[in-house]
2 protein chains.
Amino acid sequence: MAKKNIEEQIIKAAATIFVKKGMDGARMQEIAAEAGINQALLHYYFRSKEKLFDAVFSEIINNFLKSVFSSISEKDNFKEFLYDFIVSYSQNITEHAELTKFILWEFQRGGKLMIKSLREAQLNGDSAPDFIIRKIEQAKKEGVIRPIDAQNFLLTLLSTVLYPFIARPIFENIFQIPDMTDAAFIDKRNQEVFDLLWSGIKQN
Amino acid sequence: MAKKNIEEQIIKAAATIFVKKGMDGARMQEIAAEAGINQALLHYYFRSKEKLFDAVFSEIINNFLKSVFSSISEKDNFKEFLYDFIVSYSQNITEHAELTKFILWEFQRGGKLMIKSLREAQLNGDSAPDFIIRKIEQAKKEGVIRPIDAQNFLLTLLSTVLYPFIARPIFENIFQIPDMTDAAFIDKRNQEVFDLLWSGIKQN
DNA sequence: TAAAATTTTAACTGATTGATTAAATATCAA
DNA sequence: TTGATATTTAATCAATCAGTTAAAATTTTA
């Protein structure tokens, strides 16, 4: 079997275990068993547990961000852009199962990997956050939305869409939501978030 | 030294280590050193690492929620209530240092402790979330705000205030914010969040 | 004051764990 | 076809770690 396949098999198995248990809680023997290989191979291919962990996280976060940025709307109309962003961002989140658990581990590690990836991601020559901030500034300039702090708005936008998924067990239990990844719930949620944010910023 | 003092000393030391490293990453010897005691005492007082962990997190989350709920505004005017909630909630978050890291660990554990504490916290006979939802429904009924989904709004409200603190390293880096717990930043943020949310729901 | 109970300590135990190793097997290159 | 290289394996190692123990010290109780 080609080397490449073994590495991918390891990364997939490691992702499953690391997502669930974190680096400290995961066991190399368990990862090996999940991958169907001998434990020594983990060290042969990745040298150490920590290097394996980094490799796994790099791949997951890069895949996610790549997917997010490739689906960012290119519409000039800001209202439509905002709506499309909310829909595609939450769709990306639900499609990348377990991503939110990765995010939790990454936050505990200080977020360096995520920061690096966010900075490197480019949209029309801008970093992704700058691209969106530029859109917001443009909409202000055109009088489409009222004068808001663009950074603050983006902070709110990202928080509002992502955080419910991160805190999913809490919210599902407290609000008795059967399944927050259910399409009907997400559609309604996206619409409510859009209505709230758009109403909150549109020029009257 | 009284037994009570030793237990408190242990819990304080354990909190420091557990918040930083999680249960799997923390070492009992390190906790003992931090508390200035013999490691065997940890087991004498708390039986096991996991029981110690539970005791520590119970105390942290209960202290936080108690503080949050005791400072929830009692104003009848919904606009004022909303503003006060935003301010006091974010103030509670910044006052309880390390809380956000605790939240990360708790999410990874499924959030059971947080759920339990949220359900048990009572405000005027309601659970805390229900109390706020009732306020929102009342404001709708009075025509103060437009017909929104109360649960969804509360989801957004909690997400918008809390999440930036959870993802603080990411946001400080990406947006080049020197210190998100700086009073000036928080004041501005609270005002922007309030303006956005209020504009988003007020009846025109 | 002495016995009982509780607390504390240094030393230790057994299990676990990431990493390593020697050897076998498979693949590749000359 | 043979030697070199890469891959794989079972067994092993040394360090780590939560938890335990016997004994000493301290506190409490009668």
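Reminder, nothing fancy here: chain letters follow the sequence lines and each chain counts from 1. Computed from heavy atoms alone, side chains included, the values below leave out hydrogens, waters and symmetry copies.
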Round to the nearest Å and state the distance from Leu52(B) atom CG to dC17(D) atom P. 16 Å

side-chain hydrogen bond (donor to acceptor under 3.5 Å, both in side chains) with Ser199(A): which residues, sequence neighbours excluded? none

Which residues pass the ring-ring contact (aromatic ring centres under 6.0 Å, His included) test with Phe102(B), not counting sequence neighbours? Phe57(B)

With sequence neighbours left out, what residues match Phe107(B) under ring-ring contact (aromatic ring centres under 6.0 Å, His included)? none

Given dA10(D), dT8(C), dT7(D), identify the nucleotide with an atom nearest to the side chain of Asn38(A). dA10(D)

Expressed as a whole number of angstroms, how long is the span from Leu42(A):CG to dT7(D):P? 15 Å

Consider the side chain of Tyr45(A), meaning its heavy atoms from C-beta on, and name the nucleotide among dT20(D), dT7(D), dT6(C) that approaches it most closely. dT7(D)

Roughly, in whole Å, what's the span from CG in Asn5(B) to P in dT6(C)? 19 Å

Could you list the residues that satisfy side-chain hydrogen bond (donor to acceptor under 3.5 Å, both in side chains) with Asn38(B), not counting sequence neighbours? none

Rounded to whole Å, CD of Glu7(B) lies from C1' of dT7(C) at a distance of 12 Å

Given atom CD of Gln9(A) and atom P of dT7(D), what is their separation to the nearest angstrom? 14 Å

Where along residues 13-22 of chain A does a heavy atom fall under 4.0 Å from DNA chain D? none

For Ser73(A), check side-chain hydrogen bond (donor to acceptor under 3.5 Å, both in side chains) against everything at least two apart and list the hits. Asp84(A)

Mind running salt bridge (charged side-chain N to carboxylate O under 4.0 Å, His left out) on Arg189(B) and Glu192(B) for me, showing each step along the way? CA-CA 5 Å; Arg189(B) 170 102 189 120; Glu192(B) 293 273 339; over 6 Å; no

Tabulate atom names and distances for all N/O pairs under 3.5 angstrom spanning the protein and nucleotides 16-18 of chain C.
unit_1: dT17(C); atom_1: OP1; unit_2: Arg27(A); atom_2: NE; d: 2.2
unit_1: dT17(C); atom_1: OP1; unit_2: Arg27(A); atom_2: NH2; d: 3.2
unit_1: dT17(C); atom_1: O5'; unit_2: Arg27(A); atom_2: NE; d: 3.1
unit_1: dG18(C); atom_1: OP1; unit_2: Ala26(A); atom_2: O; d: 3.3
unit_1: dG18(C); atom_1: OP1; unit_2: Met28(A); atom_2: N; d: 3.4
unit_1: dG18(C); atom_1: OP1; unit_2: Lys49(A); atom_2: NZ; d: 2.9
unit_1: dG18(C); atom_1: OP2; unit_2: Met28(A); atom_2: N; d: 3.1
unit_1: dG18(C); atom_1: N7; unit_2: Gln39(A); atom_2: NE2; d: 3.4

Measure the distance from OH on Tyr44(A) to P on dT5(D) and round it to the nearest whole Å. 12 Å

Could you please spell out the steps behind the side-chain contact (heavy atoms from CB on, under 4.5 Å) verdict for Thr181(A) and Arg168(A)? CA-CA 9 Å; Thr181(A) 64; Arg168(A) 184 179 160 192; 3.5 Å; yes

Proximity to the side chain of Leu41(A) - top-ranked nucleotide from dT7(D), dT20(C), dT9(C): dT7(D)

Identify, with sequence neighbours excluded, every residue that meets side-chain contact (heavy atoms from CB on, under 4.5 Å) alongside Pro169(A). none

Which whole-number value in Å describes the distance from Phe53(B) CZ to dC17(D) C1'? 17 Å

What residues form a side-chain contact (heavy atoms from CB on, under 4.5 Å) with Asn62(B), not counting sequence neighbours? Ser58(B), Ser117(B)

